Amino acid sequence: MSALRHVKPAVRALRPYTLAARPAAVKINQNENPYDLPAELKQRVLDAARTRPWSRYPDFDPRELLEALARFSGWRADGILAGNGSNELIEALLMVTVGAGTSVVIPDPTFSLYALLTGVLGGDVVRVPLGPGFAFDADALRSAQRGSAASVVIVCSPNNPTGTALAPDEIARLCRDTDALIVVDEAYHEFSGQSVVPLLPAHPNLVVLRTFSKAMAMAGLRVGYLLASPELVAEVNKARLPYNLNFFSQAAALAVLDDPRVVQDAVARLVRARDALFTELAAMPGVHPCRSRANFILFALEGRLPAEVFAALYAEGVLVRDVSATPRLHDCLRVSVGTEEENALFLDALRRALARP
């Protein structure tokens, strides 16, 4: 008798979120910031960790970090929850809002974890196709919420994997016109130059998610935070695991927040490189890039199989993301913006791959 009979059938039907480990000289597949934090900042964090007793738990509530996040974001500390990456906070939020019979509205395509977690929790996913050029359709999102009586609408803006964004005034309209929670995942907001955090005081049904994994160059340390009304944060906090954020990650986040200029220059550099990369891709015959507000570019291939181009790139040590298994992206690959040298190597390898018969 299999132990799997105890697993919910809906869960067994789901595909896990996973990514195969592939070593590569040019690794531009996970939307990371290629510019590491300065050595002197790392040394400060190491010194702080060395002097702290490792046998003791971190603070149950990371008050110092929450206060620093409040100053950085412009939102109140009692309306902020810190987590082991923003993914943990997405899970915690859905755990307290989603169950059997609950509907969650998401754009399509978008970050697959939203639908996966909704399914694990027994909820129903209502998918709203993105429009031409993968633009958001705010009216369609609003109609889908009303038609399904969804409790939650999740918008990743800029959206992964398309890089397209929904304007803050459209987010405000969604908040005003529905009684659902409007969750905006701002994992890539630094690259877009816009944020909906200023909307929080007027909209108690707005939730904002952010991460240190992208622009803040801390993907290896897993720090994220959620901003919402204090009343909602108190409820989401019930699903947070005790001592969820280790003291080393807290110290690193505090160091970056103490001087955010250490990453601001890199962000500006990546935005310039993104726009230059888009121009180069758009000039290639048979390549159709999507205009991006994030630190990656989705591009469609005309007359070529993405899997073959992916393999040709990887054979030259260039690792991008094959997203062709995603509905509506059957002809697409996604490339993260790397250093100037990495971008040049990618473009050269792509030209050679496309030149092959």
Side-chain angles (χ1 to χ4, degrees), residues 13-22 24 26-31 104-119 124-137 140-141 144 154-166 185 187-188 274 277-316 318-338 343 346-347 349-357:
L14 295 171
R15 294 178 59 185
Y17 181 87
T18 185
L19 182 65
R22 291 176 178 265
V26 180
K27 184 179 178 296
I28 42 177
N29 68 322
Q30 287 187 275
N31 305 340
V104 176
V105 172
I106 61 172
D108 187 40
T110 193
F111 185 34
S112 62
L113 193 64
Y114 310 141
L116 176 62
L117 291 174
T118 298
D124 300 315
V125 177
V126 180
R127 300 179 185 271
V128 177
L130 295 174
F134 297 114
F136 282 97
D137 188 336
L141 289 170
I154 305 179
V155 175
C156 184
S157 181
N159 186 43
N160 178 15
T162 63
T164 47
L166 185 59
D185 188 343
Y188 304 96
R274 175 197 68 199
L277 186 59
F278 176 88
T279 299
E280 293 282 354
L281 288 170
M284 291 186 186
V287 178
H288 305 285
C290 182
R291 180 70 73 176
S292 175
R293 301 286 299 277
N295 67 329
F296 55 82
I297 295 176
L298 180 78
F299 61 98
L301 296 166
E302 183 180 346
R304 303 301 295 261
L305 292 175
E308 291 181 357
V309 175
F310 172 88
L313 291 172
Y314 189 63
E316 295 200 35
V318 177
L319 179 61
V320 298
R321 190 71 168 262
D322 184 353
V323 295
S324 60
T326 304
R328 299 187 64 200
L329 303 182
H330 63 278
D331 55 353
C332 292
L333 297 174
R334 191 196 71 195
V335 59
S336 307
V337 181
N343 296 335
F346 158 69
L347 289 168
L350 180 60
R351 291 187 184 98
R352 287 190 290 272
L354 296 176
R356 294 180 180 180

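Everything numeric here is computed off the predicted structure, so don't read it as measured data.
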Measure the shortest side-chain to side-chain distance between [X] and [Y] over non-hydrogen atoms and say whether it is less than 4.5 angstrom.
X: Leu347; Y: Leu281; result: yes
X: Val309; Y: Leu333; result: yes
X: Val104; Y: Val126; result: no
X: Asn159; Y: Leu130; result: yes
X: Thr162; Y: Pro109; result: yes
X: Val26; Y: Leu319; result: no
X: Phe299; Y: His288; result: no
X: Val105; Y: Leu141; result: yes

Which heavy atom of [X] sits nearest a heavy atom of [Y], and at what distance?
X: Val287; Y: Pro289; result: O-CD, 3.6 Å
X: Ala115; Y: Ile106; result: CB-CD1, 3.9 Å
X: Val318; Y: Ala349; result: CG2-CB, 4.1 Å
X: Phe296; Y: Pro161; result: CE1-O, 3.3 Å
X: Val128; Y: Ala140; result: CG1-CB, 3.5 Å
X: Ala353; Y: Ala312; result: CB-CB, 3.7 Å

Drop me the distance from [X]'s [atom1] to [Y]'s [atom2], to the nearest 0.5 angstrom.
X: Ile154; Y: Thr118; atom1: CD1; atom2: OG1; answer: 5.5 Å
X: Ile297; Y: Asn31; atom1: CD1; atom2: CG; answer: 11.0 Å
X: His330; Y: Leu301; atom1: NE2; atom2: CG; answer: 10.5 Å
X: Arg127; Y: Arg328; atom1: CZ; atom2: CZ; answer: 12.0 Å
X: Cys156; Y: Leu166; atom1: SG; atom2: CG; answer: 11.5 Å
X: Glu316; Y: Arg352; atom1: CD; atom2: CZ; answer: 4.0 Å

Note to self: Strictly distance-based, threshold 3.5 Å: is any side-chain N or O of Asp322 a donor or acceptor partner for the main-chain N or O of Phe310?
What the structure shows: no
Margin query: Donor-acceptor check, side chain of Arg274 to backbone of Ala294, threshold 3.5 angstrom: yes or no?
Written below: yes
Note to self: Could you go through Met284 and Leu350, starting from their C-alpha distance and side-chain angles, then the distance that decides it, and tell me whether this counts as side-chain contact (heavy atoms from CB on, under 4.5 Å)?
What the structure shows: CA-CA 9 Å; Met284 291 186 186; Leu350 180 60; 3.7 Å; yes
Margin query: Would you say CZ of Arg291 has more than 12 non-hydrogen atoms from neighbouring residues, nucleotides or ligands within 6.0 angstrom?
Written below: no
Notebook entry, point to check: Can you name the salt bridge (charged side-chain N to carboxylate O under 4.0 Å, His left out) partners of Glu280, sequence neighbours left out?
Noted result: Arg351
Next item on the list: Applying side-chain contact (heavy atoms from CB on, under 4.5 Å) between Pro107 and each of Tyr114, Phe136, Phe134, report the one that passes.
Entry: Phe136
Next item on the list: Verify the distance criterion only: is there a donor paired with an acceptor across the side chains of Asn29 and Arg22 at less than 3.5 Å?
Entry: no
Check: Quick one: does NZ or CZ of Arg293 land under 6.0 Å from the six-membered ring centre of Tyr188, within 45 degrees of the ring axis?
Finding: no
